[in-house]
Amino acid sequence: MTQTSFDVERIRKDFPVLSRELPGGRPLVYLDSGNSSQKPTQVIETMREHLALHYSNVGRAMHALGAESTEAYESARDKIAAFVGAPSRDEVVFTKNASEALNLVAYSFGNPANTDDRFRLGPGDEIVISEMEHHSNIVPWQLLAQRTGATLRWFGVTDEGRLDLSGLDDLVTERTKIISIAHQSNVLGTVNPVADVLARARQAGALVMLDASQSVPHHPVDVAALGVDFVAFTGHKMVGPSGIGVLWGRGELLEAMPPFLGGGEMIEAVWMDRSTYAPIPHKFEAGTPPIVEAIGLGAAVDYLSGVGMAAVEAHERELAAYGLDALRELPGLRLIGPDSLEMRGGTLAFTLDGIHPHDVGQILDDAFGVAVRVGHHCARPLHLRFGIPATTRASFYLYNTTGEIDALVRGLHHVQKVFA
Amino acid sequence: MIGESMYQELILEHYKHPQGRGLREPYDAEVHHVNPTCGDEITLRVRVGEAGKIEDVSYDGQGCSISQAAASVLHELTTGSTVRETLSVVDEFTRLMQGRGQVEPDEDVLGDAVAFAGVAKFPARVKCALLSWMAYKDAVVRSAAQ
């Protein structure tokens, strides 16, 4: 099934957890990478070695370890900038996760400390999101609307699970200040048509942010080619550690934005009554950052680059094709999301007639060691849109195999037998 | 096959053929309880007759097999008993569910509800089993207040 250049069995050997057994002698079938991915030895060892031999604070310690730590931390930034095609390394801001990156941008708007017109926000102004967003790309904008009196609006989702662009020109107008949507849906697997939205945003003079938490780990992503203004993603979904996320923003915008968190290292000079701020990216990195986590994320992008993101994408496309075919064979299964491979990733969410997802997930795990996610996946409005409380979601990554999808399908047949 | 022990035949039976499901009149109190972690919900009504006898427990809701079967068993165990008797069953069921699988259930008190003993080993699912029982307790308290 896989390309000759892509050896999934060799890749699996890099991930120690994939060869462990679960209690009761069950093999692990990990189909929950959309939730959080597993980590290769290369990332684990890089972090361990840094902690063991090089660790110190960054940017402020004037000694050998301080220099080594700073060098490793800043070189992780270089790697990540290159990985996503950032025109400048200074445009890569480390955060603790994608949620913090989204909140950082949301707090720039309508902020009394802001002096730039593009971030001025008040009654009459509009924020546009979509019905398929993760809660982390909904709640920060709800809070912003509450703080400023701006209006929150959103794209609907079609029955097939696509962004509904039919009302695009009415939704995005000269009142729109910011549009923030998922690059790829964490439930539907849908890859959104960024260029269409961006073109309208530019006409209307609105800024555009992408929640790329589900795209950067799975596809070659070039932020400059995308042409948007801000991109948020997180380390733990891309074979890196938790506790580290990234905000990429156009340098000129990041420079114009007010600071987010105040503290050490984000300043230039401090007096008792005022401060001036460090240049980007450090302006947005208050306090001691997640040093080892950033270095781990650097190792993660080295790992993914070594495999090749085009190869990762191609492998997952084959898994998605195989998975879509396999799931179609199950009676009473309703796929929530696009039924074709066009503009979609390897995330398959579904319901089984008459069986609650929590029962599905429980039996898959307990009887077969198949780890999927069940529930609303932090996208409750999307589930309300489809009139369902929850779904079962299988999400694939570079280390998954068609054999694991077979195990999922066997498990689902068993679930249906238990509840027959 | 750890999970099989949770899905006892009796639980599946109650899930597929729920007893006393549907909201009925008359009633003395109605409550609506939700489990925010999984979205399971139940609306439950109680009718208390003379001498504190439970004349009817009617309910409607949605959720996993554990939460729905627990409501069905609750209906069977409470209808026809006195409020005082049923509250001791609720207490015993709660003790069993919160016992992390270490509690020996009192079968004389719990009847069919002992089938849920396996659920206690799954902390994430205990709330599912308790949803309707906590709703019942709430409804009984409210009916007494009226």
Side-chain angles (χ1 to χ4, degrees), chain A residues 21-29 32 35 135 139 187 332 351-393 407 410-420, chain B residues 1-18 21 32-43 59-73 97 100-102 115-133 135:
Chain A
E21 248 184 24
L22 299 174
R26 292 165 294 160
L28 172 66
V29 177
D32 197 21
N35 191 353
H135 296 163
V139 183
V187 178
T351 59
L352 286 182
D353 208 13
I355 310 174
H356 194 279
H358 283 98
D359 293 321
V360 176
Q362 187 88 53
I363 294 177
L364 286 178
D365 179 34
D366 294 336
F368 299 96
V370 175
V372 293
R373 187 163 170 191
V374 293
H376 54 50
H377 321 302
C378 302
R380 190 166 178 271
L382 179 68
H383 284 77
L384 293 176
R385 150 70 182 86
F386 283 95
I388 47 179
T391 50
T392 302
R393 180 187 73 179
R410 276 198 303 278
L412 292 174
H413 277 297
H414 179 77
V415 169
Q416 289 187 321
K417 215 159 64 189
V418 171
F419 285 93
Chain B
M1 297 243 178
I2 305 167
E4 310 290 283
S5 64
M6 180 157 93
Y7 294 99
Q8 296 289 312
E9 203 50 50
L10 198 132
I11 292 178
L12 293 172
E13 229 11 78
H14 275 278
Y15 178 55
K16 291 169 194 168
H17 308 287
R21 191 182 170 91
H32 180 73
H33 280 213
V34 174
N35 180 351
T37 56
C38 60
D40 286 3
E41 52 185 289
I42 189 161
T43 304
Y59 63 94
D60 204 358
Q62 57 150 359
C64 68
S65 60
I66 303 300
S67 73
Q68 300 305 296
S72 173
V73 170
M97 284 300 104
R100 298 195 189 93
Q102 308 296 315
F116 289 84
V119 178
K121 283 178 265 177
F122 297 86
R125 303 304 294 278
V126 167
K127 275 187 187 167
C128 310
L130 285 176
L131 178 67
S132 56
W133 291 65

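For B:Q62, the part lying under 4.5 angstrom from a heavy atom of chain A is the side chain only.
Contacts between residues 352-360 of chain A and chain B, counted as heavy-atom pairs separated by less than 4.5 Å, involve A:G354, A:I355, A:H356, A:H358, A:D359.
Within 6.0 Å of CZ on A:R385 lie more than 12 heavy atoms contributed by other residues, nucleotides or ligands.
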